[in-house]
Amino acid sequence: MKAVVIASVVSLVVALLGTPMFIKYLVKQGYGQFIRDDGPTSHHTKRGTPTMGGAVIILATVLAYTLAHLVLWQPPTVSGLLVLFLMVGMGAVGFADDFIKISRQRSLGLKSGQKLMGQAAVGIVFALLALQFPNDALRRPASTHISFVRDTAIDLAFAGPVIGMILFILWANLMIAGTSNGVNLTDGLDGLATGSSVMVFAAYVVISIWQFNQNCQTNPGINCYDVRDPLDLAVVAAAGTGACFGFLWWNASPAKIFMGDTGSLALGGALAGLAILSRTELLIVILGGLFVTITASVIIQVASFKSTGKRVFRMAPLQHHFELLGWQEVTIVIRFWIIAGLFVGAGLALFYGEWVVGAP
């Protein structure tokens with residue numbers, strides 16, 4: 001538990017103090033955000049705002065996790081390292097996208113196919129490693145069972161381990177791509193994606209600590225959780241929470257820095273990793289309900305326009321629709337934060353409710 005506290009405090013301090021230093025560096029280098037011409041006209045005033053701030057979030061999270069283990073002289077776990085690998089790997093894909101945009105001063109970075117290939121490469125390595133490394137109790141970081149608040153009876157390895165691994169790789173990559181792109185689409189207004197991510201990370205701190213206290217390895221019972229390293233997942237989630245909080249201080253409207261794809265893809269990857277390794281894969285759909293809603297608005301808009309030639313929203317993603325309706329940016333962000341909080345609350349209620357109902 002001490003590691004959870006240390007990780008959250010260290011990441012908060014690193015992000016809070018490191019972000020303004022990074023802003024100065026980015027301004028000196030001239031690395032400012034390029035604003036799309038087809039976006040809301042109100043966003044043109046944000047042109048030149050430093051971007052790629054997600055690098056600070058990644059650094060703060062990794063440094064906090066490392067220091068927490070060094071201070072307590074505890075070895076890291078495979079589960080914790082896998083989530084960090086996914087976070088850093090997805091952040092690297094986002095960084096490449098951001099760097100192309102700012103270096104060439106255009107709104108297009110990596111092509112969609114290139115970005116998906118980068119995400120897939122990181123996701124495949126993560127999925128392959130997640131099914132390895134059994135501990136003394138033969139528990140691996142991930143499972144081929146589809147999970148909601150715990151593993152269900154649906155096993156992707158129904159036709160053998162090889163088919164199971166292939167299907168798990170596809171399933172994991174679907175989750176990783178969906179979550180990372182969901183956070184990326186949400187990152188359109190100052191503080192929106194950062195504040196929403198804070199809530200989901202905090203939810204995983206609670207979930208992972210609860211799983212640790214009710215773990216089958218230390219506290220076996222009918223309703224225990226078969227998760228390999230729940231406490232270390234809580235450390236990663238706490239580090240992510242603190243890093244987002246510290247960054248939000250500078251990212252809140254009017255933003256002094258944007259996280260860019262470097263941050264949004266990294267945060268989405270970390271959340272997907274936490275969901276997969278904590279065996280709450282489908283629960284992330286509820287916990288990250290705001291990300292799902294915003295992603296759905298884009299899918300609906302594209303599908304409607306291609307099939308009927310008409311748009312359902314004035315602009316997608318959804319937050320821009322409300323901008324064009326005349327809502328102030330801060331109003332949209334706060335109201336969307338409220339919605340994000342309601343989704344997180346519903347997800348935690350389902351998680352705890354399942355344990356209460358299923359308890360002997």
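- Between Asp151 atom CG and Ile146 atom CD1 the span is 9.0 Å, to the nearest 0.5 Å.
- A distance-only check finds no donor-acceptor pair linking the side chain of Asp187 to the backbone of Ala193 [under 3.5 Å].
- The ring of Tyr225 has its center closer than 6.0 angstrom to the ring center of Phe351.
- Looking at Trp171 and Leu174, their side chains come closer than 4.5 Å, going by heavy atoms from C-beta outward.
- Here Arg139 does not pair with Asp229 in a salt bridge; the nearest charged N to carboxylate O distance is not below 4.0 Å.
- Side-chain atoms of Gln132 come within 3.5 Å of backbone N or O of Leu128 as a donor-acceptor pair.
- Residues Asn181 and Thr295 are not in side-chain contact: their nearest non-hydrogen atoms beyond the backbone lie 4.5 Å or more apart.
- Expressed to the nearest 0.5 Å, how far CE of Met199 lies from CD1 of Ile339 amounts to 10.5 Å.
- Other residues, nucleotides and ligands contribute only 12 or fewer heavy atoms inside 6.0 Å of the CD atom of Gln328.
- Inspection of the Thr51 and Asp98 side chains reveals no N or O donor paired with an N or O acceptor under 3.5 Å.
- Proximity of Leu82 to Pro141: side-chain heavy atoms (C-beta onward) are separated by under 4.5 Å at one or more points.
- Scanning both residues, Gly269 and Ser180, for their nearest heavy atoms gives N-CB, 4.1 Å.
- Counting heavy atoms from C-beta outward, Phe148 and Thr280 have side chains that stay 4.5 Å or more apart.
- Between the CD1 atom of Ile57 and the OG1 atom of Thr262 there is a distance of 10.0 Å, given to the nearest 0.5 Å.
- Taking 4.5 Å as the limit, some side-chain heavy atom of Leu277 sits within range of a side-chain heavy atom of Phe126.
- Note: Phe247 CZ to Lys256 NZ = 12.0 Å, rounded to the nearest 0.5 Å.
- For the pair Asn215 and Pro230, the tightest heavy-atom approach, listed with the atom from each and the gap, is ND2-CG, 3.5 Å.
- In this structure, the side chain of His321 does not engage the main chain of Ala316 through any donor-acceptor pair within 3.5 Å.
- Side chains of Asp190 and Asn251: no donor on one and acceptor on the other come within 3.5 Å.
- Looking only at distances, a side-chain donor or acceptor of Ser307 sits under 3.5 Å from a matching main-chain atom of Ala303.
- Of the possible polar contacts, none joining the Ser253 side chain to the Ala255 backbone as a donor-acceptor pair under 3.5 Å is found.
- Looking only at distances, a side-chain donor or acceptor of Ser304 sits under 3.5 Å from a matching main-chain atom of Lys310.
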**Message:** With side-chain contact (heavy atoms from CB on, under 4.5 Å) as the criterion, how do Val93 and Met117 come out once you've worked through the C-alpha distance, each side chain's angles and the decisive distance to 0.1 Å?
**Reply:** CA-CA 9 Å; Val93 175; Met117 285 179 61; over 6 Å; no

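- Listed here is the closest heavy atom pair of Phe201 and Ala270: CZ-CB, 3.8 Å.
- Within the 3.5 Å criterion, the main-chain N or O of Asp97 finds no donor-acceptor partner in the side chain of Asp261.
- Two different hydrophobic clusters hold Val198 and Val56 under the rule that ILVMFWY side chains link at heavy-atom gaps under 4.5 Å.
- When the side chains of ILVMFWY residues are joined at heavy-atom separations under 4.5 Å, either directly or via intervening members, Met1 and Leu274 end up in a single hydrophobic cluster.
- Note on Glu354 versus Arg150: salt bridge recorded, some NZ/NE/NH1/NH2 to OD/OE distance being below 4.0 Å.
- Considering every non-hydrogen atom in both Ala266 and Gly91, the closest pair reads CB-CA, 3.8 Å.
- Considering only heavy atoms from C-beta on, Pro317 stays 4.5 Å or farther from Thr186 through its side chain.
- Across all their heavy atoms, Leu324 and Arg314 have their closest contact at O-NH1, 3.0 Å.
- Side-chain contact of Asn184 with Ser264: a donor-acceptor pair under 3.5 Å is present, judged by distance alone.
- Proximity of a side-chain donor or acceptor of Ser11 to a complementary backbone N or O of Ala239 within less than 3.5 Å is detected.
- Heavy atoms from other residues, nucleotides or ligands lying under 6.0 Å from CZ of Phe99 number 12 at most.
- Contact annotation: the side chain of Phe305 never approaches that of Val312 to less than 4.5 Å [non-hydrogen atoms, C-beta and beyond].
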**Item:** Chi angles and distances behind the side-chain contact (heavy atoms from CB on, under 4.5 Å) call for Phe291, Phe343
**Value:** CA-CA 10 Å; Phe291 305 138; Phe343 274 119; over 6 Å; no

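- If you chain together hydrophobic residues whose side chains sit under 4.5 Å apart, Val227 and Tyr352 fall into the same group.
- Note: Arg228 CZ to Ser278 OG = 15.0 Å, rounded to the nearest 0.5 Å.
- Checking side-chain atoms of Ser147 against main-chain N and O of Val149 turns up no donor-acceptor pair under 3.5 Å.
- Side-chain contact between Leu192 and Gln319: present, with at least one pair of heavy atoms (C-beta onward) separated by less than 4.5 Å.
- Residues Gln217 and Asp136 bring no donor and acceptor atom of their side chains to less than 3.5 Å of each other.
- When the side chains of ILVMFWY residues are joined at heavy-atom separations under 4.5 Å, either directly or via intervening members, Phe245 and Phe336 end up in two distinct hydrophobic clusters.
- Listed here is the closest heavy atom pair of Thr241 and Ala202: OG1-N, 3.3 Å.
- When hydrophobic clusters are built by joining Ile, Leu, Val, Met, Phe, Trp and Tyr residues whose side-chain heavy atoms come closer than 4.5 Å, directly or via intermediates, Met52 is not grouped with Val14.
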**Item:** Test side-chain contact (heavy atoms from CB on, under 4.5 Å) applied to Thr194 and Met259, step by step
**Value:** CA-CA 8 Å; Thr194 311; Met259 70 166 68; 3.0 Å; yes

**Message:** Let's go through His69 and Asp232 carefully: what are the C-alpha distance in whole Å and the side-chain angles of both, what is the deciding distance for side-chain contact (heavy atoms from CB on, under 4.5 Å) to 0.1 Å, and is it a yes or a no?
**Reply:** CA-CA 10 Å; His69 284 277; Asp232 210 38; 2.8 Å; yes

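- Distance check: Ile257 CD1 to Phe22 CZ gives 6.0 Å after rounding to the nearest 0.5 Å.
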